[in-house]
Amino acid sequence: MSDITGIEKAYEAARQRYAELGVDTEKAIGRLSKTAISLHCWQGDDVGGFETSEGLSGGGIVATGAYPGKARTPDELREDIEKAMSLIPGKHRLNLHAMYAETAGKVDRNELAAEHFTTWIDWAKGNGLGMDFNGTFFSHPKAESGFTLSSADEAVRRFWVEHGIACRKIGAAMGKELGTACVTNLWIPDGYKDIPADRKGPRQRLRKSLDEIFAEKIDRNCLLDAVESKLFGIGSECYVVGSHEFYLGYAIRNNILLCLDTGHFHPTEVVSDKISSVMEFLDQILLHVSRGVRWDSDHVVILSDELRAIAEELVRGDYLEKVHIGLDFFDASINRVAAWVIGTRCMLKALLIALLEPADKLRAFEQDGDFTSRLAMLEELKTMPFGAVWDYYCTKKDVPTGPDWLKEVRDYETKVTNLRQS
Ligand code: RNT
Ligand code: ZN
């Protein structure tokens with residue numbers, strides 16, 4: 001049991017420290033509680049989905065590890081997400097992939113419709129959650145060639161165009177039903193392992209496919225379309241059709257959202273520096289917050305310098321209402337519920353730290369050319385008592401403070417996930 005009085009006392013001391021810098025902690029907490037993070041369903045079963053028992057295949061994304069207890073059915077996955085959400089302060093969203101449809105594998109991807117997601121939508125409604133959605137253009141026989149929307153095989157290309165169209169309809173239905181626009185993201189694995197002879201053809205076909213998918217105008221209050229670029233994948237090291245430049249151009253020209261995945265750039269490039277650039281030309285974007293270790297490894301998000309920098313950019317640029325924050329990591333080597341809790345709590349902590357920044361002061365230093373004070377203040381802020389504000393926020397939202405949440409995950413492991421036989 002947490003010591004509530006201790007937490008309140010520590011908060012009061014922190015509140016005063018921040019007030020001395022001109023920062024209103026209550027205001028910061030208020031804004032944080034209005035910021036939703038989209039929790040990705042695929043962390044709960046290693047990007048398996050429920051179409052077949054084989055799970056993730058193709059597409060150059062890999063989940064490694066054999067931690068016991070992964071969700072085997074939609075009900076189990078929902079139960080796990082509920083558990084994770086009960087340990088995360090605030091109201092968030094669910095990000096679903098098309099392969100999590102409840103069709104017992106009988107409906108192919110190009111024939112999916114909103115009715116195959118009724119249980120998910122009802123569940124989200126019952127829990128007061130918004131939903132986001134993704135087409136699944138991998139783990140499928142028609143993706144085995146390594147090409148989907150850019151395929152030179154017209155039947156294959158058409159199949160995936162139909163899937164893209166179906167997904168937009170599903171996303172729109174989710175948005176309509178839940179009263180909050182569903183960000184529907186499109187990522188394809190298309191690319192070559194080795195040096196291509198034709199870089200242009202696949203990109204022309206991808207553009208054509210996207211034009212076909214996005215041809216129908218759908219109410220933006222229900223659906224927000226997003227396209228996700230990538231630098232390379234396993235098996236597409238030399239060439240990825242949907243590159244950053246390709247989708248940046250496409251998103252700007254067609255006024256849709258660009259999805260920036262933090263693991264999809266050169267290792268020394270950072271998404272924190274891209275946000276204010278792309279936001280000059282786009283109304284809204286989607287983030288896939290992930291953690292690449294040496295490559296696009298999709299490790300669980302931690303409170304890293306880059307995560308903090310991303311959060312700072314969102315707050316400093318006043319982008320919180322325009323940037324949709326989705327998570328995209330999957331680690332099968334640790335407790336999967338814990339992975340969600342760690343990653344999401346870290347995202348929220350980073351946002352809180354950013355909201356507790358004396359932004360006006362920092363900007364004034366910069367405008368005055370006082371870079372000494374700017375650097376000094378930025379470093380002093382690193383040891384300000386944001387932990388006390390975070391603990392207080394968690395108690396206010398009725399979720400465990402400090403590492404107490406882990407006890408609940410352990411208990412859930414013993415009573416629920418450990419009982420699952422694969
Ligand atoms: C893959 C992309 C993509 C996937 C999910 C499962 O590199 O990041 O977003 O991780 O769609
Ligand atoms: Zn991603």
Side-chain angles (χ1 to χ4, degrees), residues 37-51 55-64 70-71 77 81 93-101 109 131-140 143 146 148-149 160 163-164 167 170-171 182-191 225-237 239-244 246-247 251 257-267 269 271 274 285-301 306-307 310 323-332 336 339-340 343 347:
I37 310 295
S38 199
L39 265 77
H40 53 316
C41 72
W42 54 93
Q43 158 55 40
D45 74 333
D46 317 332
V47 208
F50 300 123
E51 292 171 329
L56 184 63
S57 72
I61 43 179
V62 202
T64 53
K70 79 167 173 192
L77 188 56
I81 297 167
R93 302 173 66 89
L94 172 73
N95 198 2
L96 199 66
H97 235 287
M99 65 178 162
Y100 290 79
R109 302 255 177 98
M131 278 180 87
D132 299 307
F133 195 58
N134 304 261
T136 312
F137 295 84
F138 53 87
S139 294
H140 189 282
T148 62
L149 291 177
W160 291 111
H163 178 58
C167 286
I170 296 163
C182 173
V183 180
T184 299
N185 185 45
L186 182 151
W187 172 78
I188 59 165
D190 302 26
D225 297 300
V227 283
E228 179 179 4
S229 71
K230 189 161 174 165
L231 175 68
F232 78 95
I234 294 181
S236 63
E237 288 84 353
Y239 171 70
V240 166
V241 183
S243 64
H244 179 54
F246 179 91
Y247 282 129
L257 280 67
L258 179 73
C259 172
L260 297 174
D261 183 308
T262 58
H264 287 193
F265 296 90
H266 286 278
E269 270 183 89
V271 162
K274 298 184 186 298
I285 59 168
L286 167 66
L287 294 182
H288 265 191
V289 185
S290 182
R291 178 169 53 110
V293 176
R294 308 197 189 284
W295 68 290
D296 178 32
S297 61
D298 295 295
H299 279 64
V300 177
V301 164
E306 173 56 7
L307 188 74
I310 288 172
V323 177
H324 303 263
I325 307 171
L327 302 174
D328 185 9
F329 52 78
F330 26 96
D331 189 339
R336 294 174 185 80
W340 266 315
M347 185 70 242

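Quick note: numbers below take in every heavy atom, side chains included, and nothing from hydrogens, waters or symmetry partners. We're numbering straight along the sequence, starting at 1. Atoms within a ligand are numbered from 1 in the order they appear, just like the ligands themselves.
Taking the Zn ion (ligand 2) as reference, the nearest N/O/S atom within Asp261 carries the name OD2. Take the N/O/S atoms of Glu228: the one nearest the Zn ion (ligand 2) is OE2.
Within the 4.5 Å cutoff, side-chain heavy atoms of Phe137 are placed close to those of Pro189.
Checking only distances, His288 does come within under 3.5 Å of ligand 1, N or O to N or O. Of the N or O atoms in Asn134, none lie within a sub-3.5 Å distance of an N or O in ligand 1.
In terms of protein heavy-atom proximity, atom 9 (O) of ligand 1 is closest to Glu228 OE1, 2.7 Å. Protein heavy atom at the shortest distance from atom 7 (O) of ligand 1 is Lys230 NZ, 2.6 Å. Remark: minimum distance from atom 5 (C) of ligand 1 to any protein heavy atom is reached at His97 NE2, 3.5 Å.
The backbone N or O of Cys41 lies less than 3.5 Å from no partner atom in the side chain of His97, so there is not a single donor-acceptor pair. When atom types are taken as modelled, the side chain of Glu237 and the backbone of Phe232 share no donor-acceptor pair closer than 3.5 angstrom. Put simply, the side chain of Thr136 gets close to the backbone of Ala98: a donor and an acceptor are under 3.5 Å apart.
Between Phe330 and the options Val47, Val300, Asp45, Val62, a side-chain contact (heavy atoms from CB on, under 4.5 Å) holds for only Val47. The residue from Asp261, Asp298, Asp296 that alone fulfils the salt bridge (charged side-chain N to carboxylate O under 4.0 Å, His left out) condition with Lys230 is Asp296.
The aromatic rings of His264 and Trp187 sit tilted, their planes meeting at an angle between 30° and 60°.
The heavy atom nearest to atom 3 (C) of ligand 1, out of those in Asp298, Leu186, Asp328, is found in Asp328.
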Thr148 and Asp190: CA distance, side-chain angles, deciding distance, side-chain hydrogen bond (donor to acceptor under 3.5 Å, both in side chains) verdict: CA-CA 6 Å; Thr148 62; Asp190 302 26; 2.7 Å; yes
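For the pair His40 and ligand 1, no heavy-atom separation below 4.0 Å is found. For the pair Thr136 and ligand 1, no heavy-atom separation below 4.0 Å is found.
With the Zn ion (ligand 2) as the vertex, atom OD2 of Asp328 and atom ND1 of His288 span an angle of 90° (nearest 10 degrees).
Those atoms of ligand 1 that come under 4.0 Å of a heavy atom in Phe330, given as number and element, are 10 (O). Near Ile61, with a cut-off below 4.0 Å to any heavy atom, the atoms of ligand 1 are 1 (C), 7 (O). Below 4.0 Å from some heavy atom of Asp296 lie the following atoms of ligand 1, by number and element: 7 (O). Close approach of ligand 1 to His264 is summarised as follows: ligand atoms under 4.0 Å from at least one heavy atom of the residue are 1 (C), 2 (C), 7 (O), 8 (O).
Residue contact annotation: Cys259 places no N/O/S atom under 2.8 Å from the Zn ion (ligand 2).
The residues Glu306 and Arg291 are annotated as not salt-bridged, no charged nitrogen and carboxylate oxygen being separated by less than 4.0 angstrom.
Nearest heavy-atom pair across Leu77 and Gly44 is CD1-CA, 3.7 Å.
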